[in-house]
2 protein chains.
Amino acid sequence: MTLKHSKQRDAIYGFLKDRKDHPTADVIYEAVRKKEPNISLGTVYRNLSVLKETGMIRTVEVGDGAVHFDADVSNHNHFICTECGCVEDIEMKSIDKVREIASENFDGKITGFNTYFYGLCSDCLEKRKA
Amino acid sequence: MTLKHSKQRDAIYGFLKDRKDHPTADVIYEAVRKKEPNISLGTVYRNLSVLKETGMIRTVEVGDGAVHFDADVSNHNHFICTECGCVEDIEMKSIDKVREIASENFDGKITGFNTYFYGLCSDCLEKRKA
DNA sequence: ACTTATAACAGTAACAGTTATCAATATTGA
DNA sequence: TCAATATTGATAACTGTTACTGTTATAAGT
């Protein structure tokens, strides 16, 4: 199945790649609709899944029921605020050490991992102090 | 809202605490039905959510669309096989170091984290070799 | 440019997991 | 035993997502 070009897919990826938050399919749909008013929600889901398969985007499982999407496929992890639900990137040098530690105690083969951090984002932390 | 005792909740927790896999609500429902044939799926969901709120169980977000449940609330992490989808506990001494590393590069407050490991479980690894 | 093959589309119905509603029942404390 | 209310079973509703269908857009060959 060779990919064909489509402006809908362009619009979706174009929107996502400028983003550092991690929108859901629904948010992406509403946003892309401003450029492509006739786009269908099904098209958004279909293309997000194609983009994921081709490795252009990744998914982030926040645990709120919906899947979030991230056009930054570099090796990084995520922080989820338990108060406002926002999702932020979190940079960690030396996190790859984690895989080594885990592999020592496991007899299968570990190919990758995701770490999700929970807590209060700096905004919510500020609001609590006030 | 003070909790009242219920045999349905007992049955659910009783089933879950003997388990080292991480069943979904649906699996729990089918299993508990053998002891409590009249139990409703809604009751299962309701009690799982109560048990989680009271800290007796925790949820595991495997990323397969359904929420998995774990009666082991001790500090441990999970491995998800990308082939068969099974979920296993993974023991890691010194994983708490991860939080420290992450906190250094983040200006909110990190209260906890979950790491999900992906790869091939020992069974699937064996099958591939054969 | 015209044709053909097929990926992608919009629209919508269907689906899975979960939550909410509600009248009836079970548990608790007085 | 009685009243207060948490819990229940049954079911309807809701949400995020996927599948289906007839139509349109894209790419490649002529």
Side-chain angles (χ1 to χ4, degrees), chain A residues 1-16 21-70 80 85-87 116, chain B residues 1-16 21-70 80 85 87:
Chain A
M1 180 159 68
T2 331
L3 282 193
K4 276 178 184 169
H5 189 252
S6 99
K7 61 183 175 192
Q8 288 88 342
R9 185 152 55 230
D10 282 354
I12 291 166
Y13 183 72
F15 169 74
L16 202 53
D21 65 343
H22 306 75
T24 60
D26 209 63
V27 171
I28 295 166
Y29 170 59
E30 290 301 338
V32 171
R33 224 139 65 112
K34 286 166 189 159
K35 283 206 170 180
E36 296 287 332
N38 290 333
I39 198 170
S40 156
L41 181 57
T43 299
V44 173
Y45 275 105
R46 211 181 317 113
N47 278 305
L48 286 171
S49 129
V50 168
L51 288 167
K52 184 184 178 179
E53 273 166 32
T54 59
M56 299 193 60
I57 65 173
R58 67 187 279 201
T59 51
V60 185
E61 314 275 351
V62 174
D64 65 350
V67 177
H68 294 241
F69 297 88
D70 189 354
I80 300 142
C86 73
V87 183
Y116 294 101
Chain B
M1 181 161 67
T2 330
L3 282 194
K4 275 178 184 170
H5 190 251
S6 100
K7 62 181 174 193
Q8 288 90 340
R9 186 151 55 229
D10 282 354
I12 291 167
Y13 183 71
F15 169 74
L16 202 54
D21 66 343
H22 306 73
T24 60
D26 210 62
V27 170
I28 295 166
Y29 170 60
E30 290 301 337
V32 171
R33 225 141 62 112
K34 287 166 189 159
K35 283 206 169 179
E36 296 287 331
N38 290 334
I39 197 170
S40 156
L41 181 57
T43 300
V44 173
Y45 274 105
R46 213 178 315 112
N47 278 304
L48 286 170
S49 128
V50 168
L51 287 167
K52 184 182 179 182
E53 273 166 33
T54 58
M56 299 194 61
I57 66 175
R58 67 187 279 198
T59 52
V60 185
E61 315 275 351
V62 174
D64 64 351
V67 176
H68 295 242
F69 295 88
D70 189 353
I80 300 143
V87 183

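As the structure is a computational prediction, the values presented were derived from the model and not from experiment.
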Would one find a side-chain N or O of [X] under 4.0 angstrom from OP1 or OP2 of [N]?
{"X": "B/Gln8", "N": "C/dA26", "answer": "no"}
{"X": "B/Thr43", "N": "D/dG9", "answer": "yes"}
{"X": "B/Asn38", "N": "D/dA10", "answer": "no"}

(request) For the residue pair A/Phe69 and A/Thr24, establish whether any side-chain heavy-atom pair is separated by less than 4.5 Å. (result)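 A side-chain contact under 4.5 Å is absent here.
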(message) When you compare the side chain of A/Pro23 with that of A/Leu16, does any pair of heavy atoms fall below 4.5 Å?
(response)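 Contact flag for A/Leu16/A/Pro23 side chains = yes.
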What is the distance, to the nearest angstrom, from the [atom1] atom on [X] to the [atom2] atom on [N]?
{"X": "B/Asp10", "N": "D/dA6", "atom1": "CG", "atom2": "P", "answer": "18 Å"}
{"X": "A/Leu48", "N": "C/dA8", "atom1": "CG", "atom2": "C1'", "answer": "15 Å"}
{"X": "B/Arg9", "N": "C/dT25", "atom1": "CZ", "atom2": "C1'", "answer": "15 Å"}
{"X": "A/Ile39", "N": "C/dT12", "atom1": "CD1", "atom2": "C1'", "answer": "16 Å"}
{"X": "B/Asn47", "N": "C/dA20", "atom1": "CG", "atom2": "P", "answer": "15 Å"}
{"X": "A/Glu53", "N": "C/dA8", "atom1": "CD", "atom2": "P", "answer": "11 Å"}
{"X": "B/Glu61", "N": "C/dG17", "atom1": "CD", "atom2": "P", "answer": "14 Å"}

(message) With rounding to the nearest 0.5 angstrom, report the CZ to CD distance, A/Phe15 to A/Glu30.
(response)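 Those atoms lie 10.5 Å apart.
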(request) Report the distance from atom CZ of A/Arg58 to atom CG of A/Asp70, rounding to the nearest 0.5 Å. (result)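 A/Arg58 atom CZ to A/Asp70 atom CG measures 6.0 Å (nearest 0.5 Å).
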(message) I need a per-nucleotide contact map over nucleotides 13-30 of chain D, read 5' to 3'. Cutoff is protein heavy atoms under 4.0 Å; write B for the base, S for backbone only, - otherwise.
(response) ---SBB-------BS---
(request) Take B/Ile12 and B/Ile39 through the test side chain to side chain contact (heavy atoms under 4.5 Å, CB included) and record every step on the way to the result. (result) CA-CA 10 Å; B/Ile12 291 167; B/Ile39 197 170; 4.2 Å; yes
(message) Report for the helix from C/dA1-D/dT30 to C/dA30-D/dT1: angle between first-end and last-end helix axes, five pairs each, rounded to 10 degrees.
(response)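 The angle, to the nearest 10 degrees, is 40°.
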(request) Just do the side chain to side chain contact (heavy atoms under 4.5 Å, CB included) check on B/His5 and B/Asp10 with the steps written out, would you? (result) CA-CA 8 Å; B/His5 190 251; B/Asp10 282 354; 2.7 Å; yes
(message) Among residues at least two apart in sequence or on other chains, which ones pass side-chain contact (heavy atoms from CB on, under 4.5 Å) with A/Val62?
(response)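 Per chain and number, A/Val62 pairs via side-chain contact (heavy atoms from CB on, under 4.5 Å) with A/Val60, A/Asp64, A/His68, A/Ile80, A/Val87.
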(request) Might you point out which heavy atoms bring A/Tyr116 and A/Glu61 nearest each other, and give the distance in Å? (result)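 Smallest heavy-atom distance, with atoms named: OH-N, 3.2 Å.
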(message) Out of the candidates A/Val44, A/Leu51, A/Leu48, only one should pair with A/Arg9 under the side chain to side chain contact (heavy atoms under 4.5 Å, CB included) rule; please name it.
(response)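 For A/Arg9, the side chain to side chain contact (heavy atoms under 4.5 Å, CB included) check succeeds only for A/Leu51.
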